[in-house]
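Working notes for the structure below.
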Amino acid sequence: MSAKASPDAVPFSEARIPDDDFARMREENLARWPTGAGVDFEAAVDRHLALPEHKRLGFVMRRADAEGRCLTQPRGGFATFEMQKELMQALDRDGLADVVPTTTDSYTRNERWPQAEAGVEESKKLGRSMLNGFPIVNYGVDICAELVAAIDKPAIVLSGTAMPRLTSEIVLAGGYSGYLGSGIAYTTSYTKEVSIEDGIRNYQYLDRLAAMYAERGVDLHRRQPGFLTGTNIPPCIAIVVAVLDVLLAAGQGVRNYGLELGQALHLIQDSAAIHACRELCQEYLEKKGYDDVFTPVISLHWMGAWPYDDAQAAALLAYGGTLGAVGGAVSVTTKSTHEAFGLPTPEKNVEGLKITRMAIYLARHTRLDDNPEFLEEKELIGREVRPIVDKVLEMGDGDAALGTVRAIEAGVLDIPWSPNRQCQSRILPARDTDGYLRILEAGDMPFPKDVLEIHEAKLRRRAERDGVPYDQDLAVTSVFEMSEKLADLMPFAWGEGH
Amino acid sequence: MSAKASPDAVPFSEARIPDDDFARMREENLARWPTGAGVDFEAAVDRHLALPEHKRLGFVMRRADAEGRCLTQPRGGFATFEMQKELMQALDRDGLADVVPTTTDSYTRNERWPQAEAGVEESKKLGRSMLNGFPIVNYGVDICAELVAAIDKPAIVLSGTAMPRLTSEIVLAGGYSGYLGSGIAYTTSYTKEVSIEDGIRNYQYLDRLAAMYAERGVDLHRRQPGFLTGTNIPPCIAIVVAVLDVLLAAGQGVRNYGLELGQALHLIQDSAAIHACRELCQEYLEKKGYDDVFTPVISLHWMGAWPYDDAQAAALLAYGGTLGAVGGAVSVTTKSTHEAFGLPTPEKNVEGLKITRMAIYLARHTRLDDNPEFLEEKELIGREVRPIVDKVLEMGDGDAALGTVRAIEAGVLDIPWSPNRQCQSRILPARDTDGYLRILEAGDMPFPKDVLEIHEAKLRRRAERDGVPYDQDLAVTSVFEMSEKLADLMPFAWGEGH
Amino acid sequence: MTAAEAAGGSPHRTLITGVIGSDTHIVGTRILSMGLEKAGYKVVALGALTPAEEFVKAAIETDADAIMISSLYGQGELDCRGFRDLCVEAGIGGVLIYVGGNLVVGKQSWAEVEQRYLDMGFDRAFPPDTRLDGVLVALAADFSTRGQVEKEVG
Amino acid sequence: MTAAEAAGGSPHRTLITGVIGSDTHIVGTRILSMGLEKAGYKVVALGALTPAEEFVKAAIETDADAIMISSLYGQGELDCRGFRDLCVEAGIGGVLIYVGGNLVVGKQSWAEVEQRYLDMGFDRAFPPDTRLDGVLVALAADFSTRGQVEKEVG
Ligand code: B12
Ligand code: B12
């Protein structure tokens, strides 16, 4: 085991990894931990092809999109097999989840498998999960297959990491038909020391692997986590990264690729973002000559700080369903009223699913596709995204991989609140008077001047309204906003109240 | 005590009750139950004028409207003073209610004060409320004043009845600054034997009384309960009644008159309804020469059958806040997750308020005022409402009171699911494929042919989609819809699921 | 064929429906009445706001087999007390009496609520989420037992 | 002046901040660090994903007065075990150690969680809804007691 996979001989670029190189990379990779030996690609293909259609996420996402449905999918992982199975069954049966997740723990994500092992032992001893997810590499392929068999929906792995090589081999071999993660998004938001180049390489591996399944008729669903650091990410930033990540995935042969967007919590902005994301990704895919990549958008419950009050959290859950349904997302990834405190119990997770599902049901007919404010905002997003993506590609002489690494180093591509050392993280978002997420400081990102003026004007209006200076504190208060007490957010407006 | 006040000598019309007649009517009225003697109009005026502005609902509604706020107001009533005070304080302090209610019990509503008295005794004996509201007439003026003093918000009385004469005298004397109820809406939806004429007369009394306070500088808030029978009321029906009720109130001198609308649970239809309601009421007020009646619209949480599942109910609560905020309602009247089962405990009532308030906070910026579908729907509502109102006024030779009585008899004005014998109740609404409430059967209501064709086309599409005949069952299933289990409303779409 | 379909009504069986007391909630009783009629029963619908005495009167006049009382508004617990006695006094003490709806104030344990109504002399009590099917099955079961009893006695 | 304003920091007091273990949640520690600096403290910010050893190393190198550990992702209960011992072994056993965030997996009783961390040797533990003000007051209180003790001892 090593925290970093050995450097690959393949030169770094967006090009498809050659088959023989890939074979060698796989061999090295699978040797890093005993359970790697359990991976048998041929058997895995058969396993997938034997699954009924409704348990294949690739199929389910395509059909949901074609039928205009909005699905629900929770997150969820606990330390032991028993806990994990019980959780997944509760989400499937009681929560009516359309897609059932397995979230890995953070040791697994950082390839600290011995520590994960210790966490399992400790959890068994104490009778409660000491890990924040399921250490799926330690458990191996057969256990994956058992979990997939325990539910009657497609299963997806959620593993926020820049190092998905071994995890993905094992879970795909075990019958999981969905895998969340991407090189740019996760490396900038989940790691400190991993270089963007390594992160991208690692996901090129995963994407090539997924494409290998596809070549054998297994239409796996790959997915990009556009929520990034989850902290007031304006749609344009998420979408720039989505465009680059999907180009990288397409380069390896992926054709079924979901795009996640964290909710901005504004009905118009989120609808605009969902539409713009898909359109802009398709626009750049086309430019690169890909006309057959399926890119459904998935809307994520508020990814920033949650309120500590159950009732407030319930409203956020329901609104998240509304935003996803009205925005035309193909699926909503859900949270629970426990979000501000810790991982939800299966019951609370189920509750979150049901609140969201009912909210989706209620709003499933409503679309804002010809609403003037929506059209305006969507257009603005285009004006924000294209200059950045164009510049990134230009910096890479047309290569998305090279361009991204150079652009992040130069701050041309920047992520708010990123822990990664390579990322300047000088861009700073804040919420404006109308509830839109805007850019307070752009760092070195080359947004057009007129676009930045719009952002500044709107945020200056907020500073005025709040009677505070126009400074970084606008960003900090925006981080806390949704976690504030209702009595502070919306007090009785007259008299002292209480 | 008598269930019906003695017939008034004044001829029945929309005209203002002459002062001397009114003085006589009041005298007779106050003599009907001992607590009537506690009413002292002069002292009452002083009591109101001594209240701080923020405890006067007339003021608070005007300011909320001017400032574009959306308030929250729950319902709530229990049998004894102690229970009622505790409830009101919880709603005020813990629930952050902007307006604090006192709901009367159903014996009080039907002027069965001795039965109410027995209910109080029984409640004290059993230690739980045996009445579904507070028997405020039995308790009298001073207790009203104590309740008003116990909170720091304006207080409103909710008393679904066609017989508000004595109740209103007592609570207005006691410092309540808001009173919900109207002659047409409540008589058609809360009574079986009371004639529309008597119901209108009774509310003319109340409106005249409120206007008498206004003449002395006390800007009370009167309010019309446009939700009617709460059962899939299409906006046009509610608005026709609102127009007629506000004309009657204005005729007695009322100038601060809220219009309630039960939510249709469709973002576009509800927004359109809220705007259309206010505009159409103003249009007819103007026609009648009233240019100074303040008519804010209040949006009510779903008034039909609720789901039995807490999570589903929570989504309905939150969506109700969204609908009110986006629609531009000045206030939302809230329910709780206990709705399908029974009166909520103070805790559950508080929770309902908080979920709604947070939902309002989240959507407070969003408006659909120039959304094409919204504009179309609003226009359609106008085409539905005007022909009916015009016909009603024509039948009354321009008199709204006479016209209403004749129109209801003739079925020209009809209410779905009405228990009232005078009401044909042949009109039958149902939900269409796009989630709009439409008219399945119009009875004798003179809607234009082209309008009815729109409704029919949309409902036929639903029958097709559901694969059911185009018949009354569309209406019945629409009654149950929102109370169905989530697994039935929105099952996993592929495979058997569970 | 579901159990409910099997439990078709008979036009020889007359059912009184209505909402007791000062209760205006008419939707449930109306839909129930429609459903019972469709299922084959003869239904006499008294509608909302019906005093207890009127149920008894209607039952006597139509020689009814069952009285189906609705109460939604929470005060049914007061309104329904003594209803069986009223029937006994009127000489129809053996009539089948059902009650259904939101039978008490607030969300209370259904088992307790049901017991309270059984103690009052109701043959069955139904919670708020009752649907026609369950009612048809119950009626069929009770009528068949009663038919049996009558036969055995007769 | 609020209690927090009164509790201004001192540039002579050095605080180490960071997120322990494999934990990437940087927002809280970053905002905290900004706030502590603004309040007058000298702050050495280690950022996310910081091994326990690095906290100790930084504390020794900067002669720090306190270590402010964040843990959000739930595995802090494993990461933080033995942290005090590490300090003792490194010869800075007396340093003030705070920990804050979502300190365990799931929503558990705060009183129990706090006790668990106090038992591990932390001077104070802070729940998820902690804001700067409360931290400033605690630091001021602890530094003044320690100042006193040092004075008394010295
Ligand atoms: C934003 C966020 C993320 C972002 C983080 C971006 C980044 N790089 O920082 C992303 C999306 C990347 C993310 C990832 C993950 N997250 Co996360 N995340 C959150 C979220 C929604 C908000 C955190 C936040 O930024 N809050 C705002 C800041 C300002 O507040 P704060 O961090 O709480 O800090 C304040 C206080 O806690 C206190 N404080 C903090 N530290 C200290 C230290 C001291 C000494 C003191 C005195 C005070 C103090 O003061 C701070 C300022 O007021 C929380 C849930 C929530 N709170 O709503 C979950 C949450 C923390 N995440 C959680 C988890 C599990 C994860 C993941 C493992 C993914 C998963 N399983 O779902 C990964 C972690 C990967 C990894 N290796 O670490 C869980 C932890 C569960 C638990 N403890 O039981 C939480 C609680 C959500 C949940 N309920 O499941 N997450
Ligand atoms: C619509 C409605 C109204 C409408 C009624 C319109 C009308 N004229 O019918 C309006 C707005 C007028 C109204 C008024 C009031 N309502 Co109301 N109303 C409702 C609501 C939302 C739906 C009722 C409904 O129509 N359901 C649909 C029908 C089809 O279902 P159902 O009535 O439950 O009937 C089914 C079953 O119960 C069963 N069933 C019913 N009766 C019987 C009888 C037998 C023998 C059997 C076997 C089965 C059976 O079968 C039926 C069909 O499946 C309910 C809450 C809910 N359920 O969501 C509250 C509710 C019934 N109302 C309530 C109250 C208190 C009132 C008011 C007093 C106002 C107030 N305080 O808020 C007034 C009553 C005034 C009065 N004098 O009666 C309370 C009762 C509280 C309690 N029991 O603790 C409820 C539960 C709401 C709540 N949680 O507070 N209401």
Side-chain angles (χ1 to χ4, degrees), chain A residues 52-55 59-60 63-64 67 69 92-93 96 98 152-153 265-268 307 309-312 314-319 321-322 326 350-351 354-366 368 370-373 433-436 486-487 489-498, chain B residues 52-55 59-60 63-64 67 69 92-93 96 98 152-153 265-268 307 309-312 314-319 321-322 326 350-351 354-366 368 370-373 433-436 486-487 489-498:
Chain A
E53 269 185 337
H54 71 270
K55 290 187 67 174
F59 166 84
V60 162
R63 282 291 290 270
E67 297 173 11
R69 291 182 192 279
D92 174 12
R93 293 173 193 179
L96 308 174
D98 297 296
D152 199 26
K153 310 281 174 64
L265 294 181
H266 189 291
L267 192 67
I268 307 281
D309 177 82
D310 280 358
Q312 286 178 250
L316 220 50
L317 293 172
Y319 200 48
T322 308
V326 173
V350 160
E351 180 196 64
K354 285 164 71 182
I355 291 178
T356 312
R357 197 175 185 85
M358 183 69 185
I360 290 171
Y361 180 79
L362 290 168
R364 73 199 181 288
H365 306 296
T366 305
L368 302 178
D370 47 8
N371 190 65
E373 192 178 334
T433 1
D434 303 318
Y436 284 87
L486 198 45
L489 288 176
M490 203 168 118
F492 180 66
W494 309 277
E496 299 97 279
H498 294 283
Chain B
E53 268 185 337
H54 71 270
K55 290 187 65 174
F59 167 84
V60 162
R63 282 290 290 271
E67 297 173 12
R69 292 183 190 279
D92 175 12
R93 293 174 194 179
L96 307 174
D98 296 297
D152 199 28
K153 310 281 175 63
L265 295 181
H266 190 291
L267 193 66
I268 307 282
D309 178 82
D310 279 359
Q312 286 177 253
L316 220 49
L317 292 173
Y319 200 47
T322 307
V326 173
V350 160
E351 181 196 63
K354 285 164 71 182
I355 291 178
T356 313
R357 198 176 185 86
M358 184 71 185
I360 290 171
Y361 180 79
L362 290 168
R364 72 198 181 289
H365 305 296
T366 305
L368 303 178
D370 46 8
N371 190 65
E373 193 178 335
T433 2
D434 303 318
Y436 285 86
L486 198 45
L489 289 176
M490 203 168 118
F492 180 65
W494 309 276
E496 300 96 277
H498 295 283

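Values below: every heavy atom of this structure, side chains too, minus hydrogens, waters and symmetry copies. All chains are named by letter (A, B, ...) in the order of the sequence lines, taking the proteins before the strands, and each is independently numbered beginning at 1.
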**Request:** Below 4.5 Å from any heavy atom of chain A, which atoms of B/Val60 appear? Answer side chain, backbone, both or neither.
**Result:** both

**Prompt:** Who among A/Arg63, A/His266, A/His365 has the most heavy-atom pairs with chain B under 4.5 Å?
**Reply:** A/His365

**Complete:** If one checks every heavy atom of A/Leu486 against chain B at 4.5 Å, the contacting part turns out to be both

**Complete:** Ranking A/Leu96, A/Leu265, A/Leu489 by heavy-atom pairs under 4.5 Å to chain B gives rank one to A/Leu489

**Item:** Most chain B-contacting option - heavy-atom pairs closer than 4.5 Å, from A/Ala363, A/Pro307, A/Gly321
**Value:** A/Ala363

**Request:** Against chain A, work out which of B/Asp370, B/Ile268, B/Val326, B/Thr322 has the most heavy-atom pairs shorter than 4.5 Å and name it.
**Result:** B/Asp370

**Asked** With chain A, which of B/Thr433, B/Asp434, B/Leu316, B/Leu317 has the greatest number of heavy-atom pairs at distances under 4.5 Å?
**Response** B/Asp434

**Message:** Tell me which of these, B/Ala487, B/Ala318, B/Ala493, B/Ala311, has more heavy-atom pairs under 4.5 Å with chain A than the rest.
**Reply:** B/Ala311

**Complete:** Residues B/Ala359 and A/Ala315: closest non-hydrogen pair is N-CB, 3.8 Å

**Message:** For chain B, which candidate among A/Leu267, A/Thr356, A/Ile355 shows the most heavy-atom pairs at distances under 4.5 Å?
**Reply:** A/Ile355

**Parallel, tilted or perpendicular: ring planes of B/Phe59 versus A/Trp494, cut at 30 and 60 degrees** = perpendicular

**Message:** Using heavy-atom distances under 4.5 Å, tell me whether A/Arg69 contacts chain B through its side chain, its backbone, both, or neither.
**Reply:** side chain

**Prompt:** Given that the side chain runs from C-beta out, which part of B/Asp310 has a heavy atom under 4.5 Å from chain A: side chain, backbone, both or neither?
**Reply:** neither

**Message:** I need the residue from B/Pro52, B/Ala64, B/Ala314 with the largest number of non-hydrogen atom pairs under 4.5 Å to chain A.
**Reply:** B/Ala64

**Message:** Counting C-beta onward and ignoring hydrogens, is there a side-chain heavy-atom pair between A/Asp309 and B/Met358 closer than 4.5 Å?
**Reply:** no

**Complete:** Of A/Glu373, A/Arg357, A/Gln312, A/Glu67, the largest count of non-hydrogen pairs under 4.5 angstrom with chain B goes to A/Arg357

**Interface moiety of B/Arg364 toward chain A, non-hydrogen atoms closer than 4.5 Å** = side chain

**Request:** Can you label the angle between the A/His54 ring and the B/Phe492 ring as parallel, tilted or perpendicular, going by 30° and 60°?
**Result:** perpendicular

**Fill in**
Answer key: most heavy-atom pairs under 4.5 Å with chain B among A/Thr366, A/Leu368, A/Leu362 is A/Leu362

**Item:** A/Glu53, part contacting chain B, at a heavy-atom distance under 4.5 Å
**Value:** neither

